[in-house]
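Heads up, the thing below is written out as C-alpha cells.
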Amino acid sequence: MPNLFALRDHFKEGQLYLNRTVIALVVVVLLTCLLIGRLVFLQIVQHDVFKTLSLNNQVRIVPITAPRGLIYDRNGVLLAENIPAFSLEIVPERTANMDETIDAINEIIPLTENERRNFYKQLKYKRKNESIPIRLKLTEVEVAKFSVEKHRFQSVEVVARLIRHYPFPEMLAHVLGYIGPISEKELSSIDPTNYRGTYYIGKNGIEKFYETALHGTTGYHHIETDAKGRTIRILNKFLPTPGQNLHLSLDIHLQEAAFQALADLKGAIVAIDPKTGGVLALVSQPSFDPNLFAQGIDVESYRALQNSTERPLFNRAIRGRYPPGSTIKPLVALQALELGAITPQFRVSCPGWYQLNGGGRLYRDWIFFAKHSGHGWVDLEKAITQSCDTFFFTIAHRLGVRHLHDIYTRFGLGKSTQIDMTGEESGLAPSAEWKRRAYNEAWYPGDTLNIGIGQGTLQTTPLQMAQVAAILANRGKYYKPQLVMATSTLLGSEPTPPTVETSKNVVIQHIKNWDIILSAMQGVVHSGGTAHVISHGLQYKIAGKTGTAQVFNLKQNEKYEVHKIKAHLRDHSWFIGFAPANDPQIAIAVLVENAPQKKTGKYIARTVLDSFFNSQSPPHPNPLPQAGEGEEEEGEEGEEISGETETETATPTNEATIEAME
C-alpha cells in the first residue's frame, strides 16, 4: 500500500493569513481611532477642566482677608481695633477623616464643645479648599505644642489673623455692636467671593450698619504646593482693599461720664449736638462685653445674657419704649398757644385733681400724692415749671387727640429717627384711627387726658426724646441724629465728612411762642421748678423738663408710696433738656427705670452736663444725694393714668413698662 502524504494548501493558508491580518489591522485602526478620539476629548474638549484640576494639584488660591476698618471717637480715640492673634485652622479637602483629625488635635490642644460646634457649622457652607478656624487666639504655649506635632497634620495650620477688639467694652457695647460668625442666612445676602476667608460679620450697632464700608475687599494669592500640600512658593498676589475707618461724633469722655452716672441703675442716656445732630453720647445700662462675641462666645454664656432679668443685650436707648411723662408738656403747651386754645395769661385753678364732668372720675395731679393739695391758680409758665397735671388735663381736653397727635408727630414721635444704627424702634404716637385699627374701640376723652400728660398709650424712646430736646433747643430746626461724622480710607488720610441731613423743621406761626416755652423750661431748673435742686453752683443755664412714667395703674383712691412699692414697680424717671439755654451746645435725654427716689433723671443729667462743660462750674455739692438729704423732692411721682369712657369707667391702658421685644 503506497504512503499517503498530506499536501499543504498554500492558497488557503495565504487566504487565512490575509483575513487575520485584515481583522487585526481593522482592530488596530479602531483602537487607534478610539485612542485618538479619547485624547482629543481629554486634551481639546475638556482642556479647561483638566487644566484647572492639574493646576489645583500644584497651585492653591488662598484668600487674603481685608483688615476691618477701625472706629474712632471725635477726638481720635480708638474705639474698635484689630489685634494680631494665631488661630488653628483645618483645610477640609486635605482631611481624610475630619472627626479623627479633630480628636487628634484635642489631645494636643483641648477643644471646647462650643469650638467644635462652631467649626461644624462653618463646615456646612464654606468651600472645601478654604481653611476653617477651630480655635481662635492660641497662646504661645499652644502654638509651640502644635508646632512639635505639626508633622502629623497635613491639613491643619497655625494662621496669623487679625481679631476684633473693643478697648471700652461695656461702655460702647450698644453703640458699636459686635461681630460674630457668619450664618447661612447672612451668607445668602452677601457676596460670597468677597467674604472668602472671612468668618465674622457685623451683627448689630455700628458694626452691622456700616458692614460694607468696614469690611473692605478681599484679596488673594496663588500658592504653589507639593504633593503633601506644603507651600513651595507664592506665584502672585492681589492685595486686599482695607475697610474704611469710621470717625464718630461720640465723645468717649462724655460717654464714660454718662456710663458711670447710671452706674448700677437700669436706663439710658442720649446726648446730641443740636447744631449738627451728631450723637455725643449714647448709653444703655445694663451692658455686656462685646469681646465675648468677637472671640466666639460659648452657648452657656450667651444663654446667660439672653435669660438675664436685667436684659443686658437690650439697647434701651433706641429700642426701649416708655411713656414720656411730663417731658411732653412743652409740646402740648406750644400747640395750645399756636392754635389759640390758650394765651400765656390763661390760668387754671388746681385743687389737685381734674374732672371731665361733675361727679365723674377724678384725674389726680401728682402734687395731690405729695401734699394732698393742689397748685392753686396756675398759668402756663407755672404749669411747666411745677408740672401741673390739672393744667395740662384742661388744655389737652381743649385740643383733642387730633391736635395732640399732630404736634407729637411733627417733633418726630411715633416714627424712626433714622439714626445710623440697627434695631431702632419707632415708638407710638396714638390717634383715634390707630385705636380703632388696633383694638376696634372708640377713642374716649380719658384717652386724650392720658396722652396729654405723656402717659397711656403714648410710647417714646430715649433717642426720640433727645431729638425732641434738640429741636426745642434749635427752635424748630431739625438735624437727623448721626453717629458717623467722617470716614477715612488710609492711615493718616484726611477724614471725609458726610453730608449733614436735615428733615422737615417744626415751623410755627408765632415765633414768640418759642420764647414762652423755652423760658418756662429754664424756670424748671432755675426758678423753683421741679428740677431746681440741681441748679446749685451752676454757672451755665439749663432749660429742661422732668417727667415720670408709671409702671402700673393706681386705683381711684390708691396712694403711691414709693417706700412700700417693690423696686421693679417703681416709676421710671425722665429728664430732657439742653444747655447753655441761650446758646445750646448739648441736648440730653435721661431715662432711669424704676428710679430710686434720689437718683432720678435730673441728678444724672446734671452730672453728665457738668462733665460736658469740663467742670467749668464748681462741682455740685452732691449730684446724687442720699435719701433725706437736700431739699424736698418735687418730681411727679404721683401722675395718674387712667382712661375714662362715656359711662365714667376706665378703659384699658398700656402699662408704662418697656415694650422690648429683642
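The shown structure was predicted, so the numbers you read here are calculated from the model rather than taken from an experiment.
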Closest contact, heavy atoms only, L413 versus A429
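Closest pair (atom of L413, atom of A429, distance): O-CB, 3.9 Å.
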Of the non-hydrogen atoms in L282 and V270, which two are nearest, and what is the gap between them?
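Looking at all heavy atoms of both residues, the closest pair is CG-CG2, 4.2 Å.
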Closer than 4.0 angstrom, basic N to acidic O: yes or no for D389 and R364?
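No, D389 and R364 are not salt-bridged.
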Considering residues at least two apart in sequence or located in another chain, which fulfil the side chain to side chain contact (heavy atoms under 4.5 Å, CB included) criterion with [X]?
| X | value |
| --- | --- |
| S527 | none |
| A383 | V378, C388, F391, F392 |
| L337 | I342, P344, L380, N513, I516, I517 |
| S426 | none |

Candidate pair L250 and L483, rule side-chain contact (heavy atoms from CB on, under 4.5 Å), full reasoning:
CA-CA 7 Å; L250 212 70; L483 274 163; 4.1 Å; yes
Applying salt bridge (Lys or Arg N to Asp or Glu O under 4.0 Å), name anything that partners E424, two or more places apart in sequence or on another chain.
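Partners of E424 by the salt bridge (Lys or Arg N to Asp or Glu O under 4.0 Å) criterion come out as none, since no residue qualifies.
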Verify side-chain contact (heavy atoms from CB on, under 4.5 Å) between H397 and L356, making sure each step is shown before the conclusion.
CA-CA 8 Å; H397 187 52; L356 280 169; 3.6 Å; yes
For a 4.5 angstrom cut-off between non-hydrogen side-chain atoms, does [X] reach [Y]?
| X | Y | value |
| --- | --- | --- |
| V401 | W434 | no |
| I384 | V524 | yes |
| N474 | Y478 | no |
| S611 | H253 | no |
| P290 | L176 | no |

Run H375 and T390 through side-chain hydrogen bond (donor to acceptor under 3.5 Å, both in side chains) and show every step you take.
CA-CA 9 Å; H375 290 93; T390 301; 5.8 Å; no
Under 3.5 Å, is there a donor-acceptor pair linking the side chains of N582 and Y540?
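Y540 and N582 do not have a side-chain donor-acceptor pair below 3.5 Å.
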Report the C-alpha separation of K329 and S387 in whole Å, then their side-chain angles, then the decisive distance to 0.1 Å, and conclude whether the side-chain contact (heavy atoms from CB on, under 4.5 Å) test is met.
CA-CA 8 Å; K329 290 176 179 176; S387 199; 3.0 Å; yes
Yes or no on side-chain contact (heavy atoms from CB on, under 4.5 Å) for T461 and I318, after CA distance, side-chain angles and deciding distance?
CA-CA 6 Å; T461 68; I318 66 171; 5.8 Å; no
Under the side chain to side chain donor-acceptor pair (under 3.5 Å) rule, collect the residues that match up with E81, sequence neighbours excluded.
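Residues passing side chain to side chain donor-acceptor pair (under 3.5 Å) with E81: H165.
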Ring centres under 6.0 angstrom apart (F288, H174):
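Yes, close enough.
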Checking the side chain of S349 only, and the main-chain atoms of W377 only, is there a donor and an acceptor separated by less than 3.5 Å?
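A pair under 3.5 Å: no.
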side-chain hydrogen bond (donor to acceptor under 3.5 Å, both in side chains) evaluation trace for E593 with Y322
CA-CA 10 Å; E593 289 184 21; Y322 311 82; 2.8 Å; yes
